[in-house]
Amino acid sequence: MSTLLEAEGITKRFAGITALSEASLQVGDGEIVGLIGPNGAGKTTLFDCIYGYLRPDAGRVTFCGEDLIGRRVHTRARLGIGRTFQRIELFTGTTVRDHLLVAERARQGTGGLWRDLRGKGGPTSDEQERVDAILDLLELSALAERPVEALSLGRARLVELGRALMIEPRLLLLDEPSSGLDGDETAAMGDVLTRVSQEREVAVLLVEHDVELVRSVTTRLYVLDFGTLIAQGTTEDVLGDEAVRKAYLGST
Ligand code: ATP
């Protein structure tokens with residue numbers, strides 16, 4: 001398996017607080033890798049350094065061998081990095097289909113966003129087909145014309161995932177996709193992530209608190225605690241590690 005993403009020695013400080021200290025991780029082509037750790041451990045900070053929202057104070061990030069430091073967020077998206085967020089950001093009054101169409105227009109880089117979809121530049125059949133394929137993959141076809149506010153949180157999270165998939169990423173950065181979901185919705189999310197990764201040949205770096213979800217979808221794990229990597233390895237080994245259980249799972 002070839003390396004897709006490599007973050008090496010990432011350090012990030014905020015006003016004297018070291019949020020991350022020399023953290024390194026790798027994600028291979030098509031792999032689903034977890035990044036776990038207690039609240040405030042630095043997981044989102046590492047995501048932001050990889051995605052380009054934050055510039056690390058030290059360290060390197062490469063994707064498909066290309067140096068990402070200093071590259072803008074949209075360049076990273078064009079290279080094939082998609083992302084979803086902990087806090088859901090959807091637009092009320094617009095449909096599931098519209099959300100995906102806007103993401104498709106953004107991928108094309110033609111600058112046509114909401115205004116175009118609503119005004120002169122209606123979607124082409126090619127755009128509709130691409131959106132239909134993602135709706136089908138995520139089992140959202142029956143809900144395509146619903147306004148997003150009519151959806152359950154679980155479905156809304158799938159719309160976010162769909163949006164990220166429209167850019168045809170090779171790597172998805174998912175920040176707590178189970179946040180706010182109940183047990184059934186979380187299990188369904190796990191099935192979707194596995195299917196999406198396999199069918200679209202997309203690698204996933206997953207920040208997640210739900211241990212069962214982590215166990216069911218990831219093959220490897222990294223554990224952050226107070227900004228430092230304290231463990232890495234196969235999911236089974238890491239979840240069985242005593243130091244990890246103490247720091248993260250709260251058991252002795
Ligand atoms: P959670 O699981 O709660 O989302 P996390 O592991 O994602 O936590 P981060 O959000 O990366 O943790 O935060 C790591 C540390 O950096 C925390 O101490 C946090 O307060 C601090 N921090 C994060 N962003 C900023 C910022 N913009 N300014 C100052 N401090 C920050």
Side-chain angles (χ1 to χ4, degrees), residues 4-5 27 29-30 32 47 50-53 63-64 66 68 71-175 177 185 188-189 191-206:
L4 198 57
L5 173 77
V27 180
D29 231 344
I32 305 187
F47 255 35
I50 292 169
Y51 196 59
Y53 278 170
F63 182 70
C64 300
E66 287 206 43
L68 289 188
R71 298 286 197 98
R72 306 223 314 249
V73 167
H74 73 259
T75 308
R76 296 173 198 229
R78 210 166 45 233
L79 287 171
I81 304 180
R83 179 172 184 181
T84 66
F85 296 85
Q86 232 176 78
R87 202 164 59 86
I88 240 168
E89 286 181 0
L90 298 173
F91 299 91
T92 55
T94 44
T95 66
V96 171
R97 179 181 297 283
D98 281 348
H99 276 79
L100 299 196
L101 280 168
V102 167
E104 165 63 13
R105 291 268 168 107
R107 181 191 70 86
Q108 293 170 20
T110 51
L113 295 174
W114 293 108
R115 223 165 8 128
D116 287 7
L117 287 174
R118 307 240 141 194
K120 55 188 164 69
T124 64
S125 57
D126 187 47
E127 288 170 337
Q128 295 283 23
E129 266 175 38
R130 293 171 45 76
V131 166
D132 283 338
I134 296 292
L135 290 170
D136 188 41
L137 178 69
L138 299 176
E139 298 177 350
L140 287 172
S141 304
L143 304 172
E145 314 311 329
R146 294 256 183 101
V148 285
E149 64 269 28
L151 303 181
S152 66
L153 183 59
R155 294 262 168 64
R157 287 207 177 275
L158 291 181
V159 175
E160 277 228 317
L161 178 61
R163 233 173 17 176
L165 285 169
M166 289 309 301
I167 68 157
E168 296 185 340
R170 288 184 68 187
L171 172 69
L172 274 174
L173 305 176
L174 304 182
D175 201 347
E185 288 175 321
M189 176 61 77
D191 292 344
V192 168
L193 292 182
T194 305
R195 193 171 69 235
V196 162
S197 174
Q198 283 168 357
E199 289 188 18
R200 292 266 155 170
E201 293 174 353
V202 58
V204 176
L205 180 60
L206 175 72

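Because the structure is predicted, anything quoted here is derived from the model rather than measured. Atom set for the values below is all heavy atoms of this structure, side chains included, hydrogens, waters and symmetry mates excluded.
- Residue Ser141 holds its OG atom at 5.0 Å from CG of Leu135, rounded to the nearest 0.5 Å.
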Self-check item: Test salt bridge (charged side-chain N to carboxylate O under 4.0 Å, His left out) applied to Glu160 and Arg163, step by step
Solution: CA-CA 5 Å; Glu160 277 228 317; Arg163 233 173 17 176; 3.4 Å; yes
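- A pairwise comparison of heavy atoms in Cys64 and Arg170 identifies SG-NH1, 3.3 Å as the closest pair.
- A 4.5 Å side-chain heavy-atom check between Asp132 and Arg97 finds at least one atom pair inside the cut-off.
- Side-chain contact between Leu158 and Met189 is present, with at least one heavy-atom pair separated by less than 4.5 Å.
- Two residues are said to be in side-chain contact when any heavy atoms from C-beta on lie closer than 4.5 Å; Val131 and Glu127 fail this criterion.
- Between Thr84 and Leu172, the closest side-chain pair of non-hydrogen atoms is not below 4.5 Å.
- Each of Leu171, Leu205, Ile81, Val202 was evaluated against Leu4; a single residue qualifies, Leu171, per the side chain to side chain contact (heavy atoms under 4.5 Å, CB included) test.
- Two residues are said to be in side-chain contact when any heavy atoms from C-beta on lie closer than 4.5 Å; Leu174 and Leu161 meet this criterion.
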Self-check item: side-chain contact (heavy atoms from CB on, under 4.5 Å) between Val204 and Leu193, intermediate numbers included
Solution: CA-CA 8 Å; Val204 176; Leu193 292 182; 5.5 Å; no
Practice problem: Begin with the C-alpha distance, continue with both residues' side-chain angles, and end with the deciding distance and a verdict on side-chain contact (heavy atoms from CB on, under 4.5 Å) for Glu168 and Arg130. | Solution: CA-CA 10 Å; Glu168 296 185 340; Arg130 293 171 45 76; 2.9 Å; yes
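- We find that Arg71 and Glu66 are joined by a salt bridge, their nearest charged nitrogen and carboxylate oxygen being less than 4.0 Å apart.
- Within the 3.5 Å criterion, the main-chain N or O of Gly93 finds a donor-acceptor partner in the side chain of Glu149.
- With values rounded to the nearest 0.5 angstrom, His99 atom NE2 is found 4.0 Å from Thr94 atom OG1.
- Contact record, Gly30 with Ala203: N-CB, 3.5 Å, taken as the closest heavy-atom pair.
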Self-check item: Verdict with reasoning, Leu79 to Leu68, per side-chain contact (heavy atoms from CB on, under 4.5 Å)
Solution: CA-CA 10 Å; Leu79 287 171; Leu68 289 188; 3.6 Å; yes
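- Between Gln128 and Leu101 there is a side-chain heavy-atom pair separated by less than 4.5 Å.
- For the pair Tyr51 and Arg76, the tightest heavy-atom approach, listed with the atom from each and the gap, is O-CD, 2.9 Å.
- Side-chain contact check for Leu165 versus Leu138: some heavy-atom pair is nearer than 4.5 Å.
- Heavy-atom minimum distance, Arg157 versus Pro177: CD-O, 2.7 Å.
- Considering every non-hydrogen atom in both Arg83 and Asp175, the closest pair reads NH2-OD2, 4.1 Å.
- Enclosure of atom CD in Glu145 by more than 12 non-hydrogen atoms of other residues, nucleotides or ligands within 6.0 angstrom is indicated.
- Contact of the Ile134 side chain with the Arg200 side chain is registered, since non-hydrogen atoms from C-beta on lie closer than 4.5 Å.
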